[in-house]
Protein chains: 2
Amino acid sequence: MGDTNWLNDDEMAAWQAFLMAGALLDRRIEEQLKADSGLSHLQYEVLVRLSAAPDDELRMSELAGAVITTKSGLTYQITQLEKAGLVRRRTCAADVRGVYAVLTDAGRARLERAAPGHVEVVRAHLIDVLSEDQVRALKDGLGEVVRRLGGG
Amino acid sequence: MGDTNWLNDDEMAAWQAFLMAGALLDRRIEEQLKADSGLSHLQYEVLVRLSAAPDDELRMSELAGAVITTKSGLTYQITQLEKAGLVRRRTCAADVRGVYAVLTDAGRARLERAAPGHVEVVRAHLIDVLSEDQVRALKDGLGEVVRRLGGG
DNA sequence: GGCAGGTGGTTCAAATTTGAATCACGTCTC
DNA sequence: GAGACGTGATTCAAATTTGAACCACCTGCC
């Protein structure tokens, strides 16, 4: 102990590539989404999760976990989306404290309008740049990383 | 055309894993760095780049490119680091508009103190979770992604 | 019933990030 | 050597993010 197990060259290169690819790609995505449909990436992800959920609704805390934000961050963004008419809040019958975020028709429409351009960016800059093996490595390897970090 | 080339299941899983792993890992890193040495991840990266540069200094714009931030974002953070005594500014002799950010001794000391814990987190939650092949896939695949996005 | 402790969301102030000006210079052309 | 134009960095206001209270409510336990 006391001696750090530093990263070797490959490991360092992998880590840096991971870090920079994430940052650069996110920047592109943010730019495209904002220009194309006026949504931030986070807002887009929120709409995606809701549209995939039963009855188009999720509890605030589940949603926060799914999109990896803080509770207060989600409260803010849901308020923004509500102002824009893309989402509405519904209080939970069983537990008065609980709040559901519900996708509205306008929200679904906005999502459907935004999705093609978004997927195109992800494909062009990430998926299509990788080999099939590399895609599988991301899915398996990073999938395990997510599982261990409690994000599954 | 008009028909979107959607992601298949594996591609979607890979993309989601990439996204969530980045977010979850960054959260851990941020937490560890803040607790352990009072630095944000961005500030840590700034110190790393400076310490690796000749004469421990880099132009503001180079630094902004290296850590993937906006110019104004970097201006803000360098000001913070300067207040903390970890970095200082030096105007460029050849071009009066240019500014170098220079690592101070205190900055280097802080970096050296922070590094072991940081590497440990990256290793524990990312590198050691992956197989050698998967590490290579990140390095090669995401390295290419970065190159094409103009981050190399 | 009534209270201790935990949970789900919100609120609030402070820190950070963003992007569009802006400022002060280099550079290039005629 | 005077503009026209591009660059490097900062400034500014607005938007977002963060984390620590906080509030209201559930749940167990006595």
Side-chain angles (χ1 to χ4, degrees), chain A residues 22-24 26-36 38-46 49-50 57-84 86-102, chain B residues 22-24 26-36 38-46 49-50 57-84 86-102:
Chain A
L24 288 168
D26 219 46
R27 173 179 281 229
R28 287 297 180 104
I29 289 172
E30 209 75 58
E31 183 184 325
Q32 184 275 327
L33 277 176
K34 198 86 69 184
D36 206 47
L39 295 170
S40 69
H41 190 190
L42 178 53
Q43 293 175 330
Y44 178 86
E45 285 294 323
V46 165
R49 304 298 172 157
L50 291 180
E57 61 181 19
L58 282 172
R59 291 287 289 265
M60 292 296 280
S61 38
E62 288 180 276
L63 197 45
V67 301
I68 326 272
T69 323
T70 58
K71 289 183 298 174
S72 60
L74 184 63
T75 291
Y76 175 78
Q77 283 301 342
I78 290 294
T79 301
Q80 297 307 105
L81 287 169
E82 206 172 23
K83 282 181 193 165
L86 307 180
V87 157
R88 66 188 173 76
R89 282 179 161 91
R90 182 173 82 69
T91 59
C92 174
D95 184 344
V96 187
R97 294 168 307 172
V99 173
Y100 284 98
V102 191
Chain B
L24 288 168
D26 219 46
R27 175 179 281 229
R28 286 299 180 102
I29 289 172
E30 208 74 59
E31 183 184 326
Q32 184 275 326
L33 277 176
K34 197 87 70 184
D36 207 46
L39 294 169
S40 69
H41 190 190
L42 178 54
Q43 293 175 331
Y44 178 86
E45 285 294 324
V46 166
R49 303 297 171 158
L50 291 180
E57 63 182 16
L58 282 173
R59 291 287 287 265
M60 293 297 280
S61 38
E62 288 181 277
L63 197 44
V67 301
I68 325 271
T69 322
T70 58
K71 288 182 299 173
S72 60
L74 184 64
T75 292
Y76 175 78
Q77 283 300 342
I78 291 294
T79 301
Q80 297 307 106
L81 288 169
E82 205 171 23
K83 282 182 195 166
L86 307 180
V87 157
R88 65 187 173 77
R89 282 178 161 94
R90 182 173 83 69
T91 59
C92 175
D95 184 343
V96 186
R97 294 168 308 173
V99 174
Y100 284 98
V102 191

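Letters A, B, ... mirror the listed sequences (proteins, then strands); counts begin at 1. Small disclaimer: the values here were computed from a predicted structure and weren't measured. We use all heavy atoms of the structure for the numbers below, so side chains are in, but hydrogens, waters and symmetry mates are not.
Not counting sequence neighbours, the partners of A/Q32 by the side chain to side chain donor-acceptor pair (under 3.5 Å) test are A/D36. Not counting sequence neighbours, A/R27 has no partner by the side chain to side chain donor-acceptor pair (under 3.5 Å) test. Residues satisfying the side chain to side chain donor-acceptor pair (under 3.5 Å) criterion with A/Q77, sequence neighbours excluded, are A/Q43.
Applying a 4.0 Å cut-off to non-hydrogen atoms, the residues of residues 71-83 of chain B that approach DNA chain D are B/K71, B/S72, B/T75, listed by residue number.
Residue-level contact check: A/R89 touches the backbone only, with heavy atoms under 4.0 Å from sugar-phosphate atoms and none from bases.
Nearest heavy-atom pair across B/L58 and B/L50 is N-CD2, 3.7 Å. Summarising the geometry of A/I78 relative to A/A101, their closest heavy-atom pair is CD1-CB, 4.0 Å, with the distance given to 0.1 Å. Summarising the geometry of A/R90 relative to A/E57, their closest heavy-atom pair is NH2-OE2, 2.9 Å, with the distance given to 0.1 Å.
Taking 4.5 Å as the limit, some side-chain heavy atom of A/T79 sits within range of a side-chain heavy atom of A/R89.
In this structure, CD of A/E62 is placed 14 Å from C1' of C/dG9, rounded to the nearest angstrom. The distance between atom CG of A/L63 and atom C1' of C/dG9, rounded to the nearest whole Å, is 13 Å. Between A/L39 atom CG and D/dT16 atom P the separation is 11 Å, expressed in whole Å. The CG-C1' distance, from B/L33 to D/dT18, rounds to 16 Å in whole Å. Remark: P of C/dG8 and CG of A/L58 are 14 Å apart, rounded to the nearest angstrom. The CD-P distance, from A/E31 to C/dA20, rounds to 11 Å in whole Å. Across the protein-nucleic acid pair, A/L42 atom CG and D/dA15 atom C1' stand 13 Å apart, rounded to whole Å.
Phosphate contact (OP1/OP2 of D/dT18, side-chain N/O of B/R27, threshold under 4.0 Å): absent.
In terms of position along DNA chain C, the nucleotide closest to B/S40 lies nearer the 5' end than the nucleotide closest to the other residue of the pair A/E30 and B/S40.
A distance of 11.0 Å separates CG of A/L33 from CG of A/L42, quoted to the nearest 0.5 Å.
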Compile the donor-acceptor pairs under 3.5 Å between side chains in residues 60-74 of chain A and protein atoms, sequence neighbours left out, one pair per line.
from, atom 1, to, atom 2, distance (Å)
A/E62, OE1, A/R59, N, 3.3
A/T70, OG1, A/G73, N, 3.1

Output one line per pair: protein atom, nucleotide atom from nucleotides 24-27 of chain C, and distance, for all N/O pairs under 3.5 Å.
from, atom 1, to, atom 2, distance (Å)
C/dC25, O2, B/R97, NH1, 3.1
C/dG26, OP1, B/V96, N, 3.4

